[in-house]
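Computed from heavy atoms alone, side chains included, the values below leave out hydrogens, waters and symmetry copies. To find a chain, count down the sequence lines: A is the first, B the second, and so on, and within it residues start at 1.
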Amino acid sequence: MSWGFIRDLLSGVNKYSTGIGRIWVAVVFLFRLLVYIVAAENIWKYEHDEFECNIKQPGCENVCFDHFFPVSHIRLWALQLIMVSTPSLLVVFHVAYRENREKHHNQKLYKSPGKIDGGLLCTYLISLILKTGFEIVFLVLFYKLYNGFKVPRLVKCDMRPCPNTVDCYISKPTEKMIFLYFLVATSCLCILLNLSELSYLIFK
Amino acid sequence: MDWGALHTILGGVNKHSTSIGKIWLTVLFIFRIMILVVAAERVWGDEQDDFICNTLQPGCKNVCYDHFFPISHIRLWALQLIFVSTPALLVAMHVAYRRHEKKRQFRKGDQKCEYKDIEEIRQQRFRIEGSLWWTYTSSIFFRLVFEAVFMYAFYFMYDGFRMPRLMKCNAWPCPNTVDCFVSRPTEKTVFTIFMIAVSSICILLNVAELCYLLTKFFLRRSKRAGNQKQHPNHETKEETKQNEMNELISDSCQNTVIGFTS
C-alpha cells in the first residue's frame with residue numbers, strides 16, 4: 001500500500017474528467033506526487049537527527065523539536081495530497097453505481113454512464129468544491145502552524161528541561177523553504193484549475 | 001509511484017515522436033533518470049552526515065551546510081528531469097484530443113472515416129502536421145528553455161561544476177572562519193560533469209529535432225506552392241480547398257503511417 005494507490009485512483013478518474021480535469025490530474029501526478037516522492041521526502045528524512053541545539057542537557061533537543069514542529073511539513077504535505085485526491089472517489093463511485101443500475105435493470109438507462117450530466121454533474125461539482133476546500137484548508141494550516149512558509153535557520157527555545165534560552169539550528173532550511181514555496185505554487189495552480197473547471201461546468 | 005510512472009506516461013508519447021525524439025527519450029531514461037536513481041542518489045546520500053566542519057560549536061555545521069548547498073544537486077536534477085519531461089505531455093494531450101474527435105466521428109457513422117473499429121483509432125499513429133506540428137514544436141522549444149534555465153541555475157549556484165574539497169565558512173554561530181570538508185568531492189564532480197554532458201547532448205538533440213521539423217515544414221510549403229504554380233488554371237480556389245481537405249482526411253485515415261523517414 002503506497003502512493004501507487006493514489007496513482008491508480010487518479011488514472012481511473014481521468015476517464016470521466018473534462019479536459020481541465022485531466023490537466024489537474026497531470027499537475028498532481030508530476031508536480032506534486034512525483035516531486036514529493038523523488039525529492040521532498042529525502043530532504044525531511046533526517047530532520048530530527050540533524051536538528052541541533054547548543055546544549056548538552058538531555059531531552060532539551062527532543063522537547064524543542066516537538067515544540068517547533070508539532071506536525072512535520074512533510075507529513076502535512078502527504079496528508080494534503082491524500083485529502084485532495086480523495087473527492088475524486090465520489091465520481092468513480094457514482095459512475096459505478098450507474099453501471100450497476102444499468103446491469104440490474106438490464107437496459108440502457110443512460111446515454112453513457114460516464115457522461116457528466118444530471119446527477120453525475122452534481123457529484124462532479126461537489127468533488128471539485130471539496131478538492132478546492134481541502135487545498136485552501138491545508139494552505140491555511142501550513143501558514144498558521146509555521147508562521148508563514150519561511151523556515152528559519154535558527155530558533156530560540158526555552159522549554160523545560162532546557163536550562164535557559166537555547167539556540168537550536170534547523171537542517172537544510174533554505175532547501176526546505178524552496179520546496180515549501182513550490183508546494184504553495186502548485187497548490188494555488190490546482191485551486192485555479194479547479195475553479196476554472198467549476199465555472200466551465202456551471203456556465204456550459 | 002516513482003520514475004517508472006513517468007516512463008509509462010512518456011512511453012505513450014514515443015509513438016508519435018520523430019526518430020530524434022525517440023533517441024532523446026532513450027537518452028533521458030537511460031543516461032539521466034537511471035543514473036540518477038542507481039548511482040547519483042547513493043553518492044549524495046550521506047551528504048550532510050559526512051559534511052564535517054572543524055569546530056565543536058553546535059549549529060555551525062548546519063548553518064554552513066545550508067549556506068553552501070541552498071538546494072542539493074540531486075534535488076535540482078530531479079526537478080530538471082521533471083520539468084524537461086513535462087512538455088511532452090502537451091503532445092500526449094493533443095493526440096488524445098484528436099483520437100477523441102476521431103472516435104466521435106466514427107460513432108456518428110461518418111462515411112468519410114475508413115476505420116473498421118475503435119481499436120484501429122486507438123492504435124493509430126498520427127503524423128506530425130497541422131496543429132500537432134505546432135504543439136510538438138512548442139514542446140521542444142519549452143524543453144530547450146527548461147534545460148538551459150536549469151544548467152544556468154546550476155552554474156550560478158555552485159560557481160561552476162566543480163565540487164571543492166574544502167569550504168571556508170564564517171556564518172554565525174561559527175566562532176571564526178571554519179574549515180568545512182565536503183564528502184566525496186571527486187565522485188560528485190565526476191557525476192556532475194557527466195550529468196551536464198548528457199544535458200548538453202539532450203540540448204543538441206532538441207536543437208537538431210527543431211531544425212529537422214522546420215526544414216520539413218518549409219520544404220512541404222514550397223512543394224505545395226510549386227504544385228499550385230504548375231497548375232494555376234486547372235483548379236479554382238474551392239477545388240484546391242476540397243483537394244486539401246480530401247488529402248488531410250485520407251492522410252489521417254491511413255492505417256500504417258510512416259513518419260519522417262524519407
Nearest heavy-atom approach of B:Pro173 to B:Pro58 is CG-O, 3.9 Å
Of the backbone (N, CA, C, O) and the side chain (C-beta and beyond), which part of A:Cys53 lies under 4.5 Å from a heavy atom of chain B, both, or neither? backbone
Please list, chain by chain and in numerical order, all residues satisfying side chain to side chain donor-acceptor pair (under 3.5 Å) with A:Thr18, sequence neighbours excluded. A:Glu197
Segment of B:Ser85 engaging chain A (4.5 angstrom heavy-atom cut-off): neither
Tell me, for B:Ile82 versus chain A, whether the close heavy atoms (under 4.5 Å) come from the side chain, the backbone, both or neither. side chain
Interface check, chain B: of A:Ile178, A:Ile170, A:Asn54, most non-hydrogen pairs under 4.5 Å belong to A:Asn54
Just grab all the ring-ring contact (aromatic ring centres under 6.0 Å, His included) pairs involving residues 158-204 of chain A, residues at least two apart or on different chains. none
Would you confirm whether B:Lys188, through its side chain, and B:Ser183, through its main-chain N or O, come within 3.5 Å as a donor-acceptor pair? yes
Side-chain donor-acceptor pairs of residues 36-45 of chain A under 3.5 Å, sequence neighbours excluded:
unit_1  : atom_1 : unit_2  : atom_2 : d
A:Trp44 : NE1    : A:His73 : ND1    : 3.4

Test of ring centre spacing under 6.0 Å for A:Phe31 and B:Phe83: yes
Which residues in residues 74-90 of chain A have any heavy atom lying under 4.5 Å from a heavy atom of chain B? none
Judged by modelled atom types alone, do B:Arg32 and B:Ser199 share a side-chain donor-acceptor pair under 3.5 Å? yes
Should the SG-SG distance of B:Cys180 and B:Cys53 be recorded as below 2.5 Å? yes
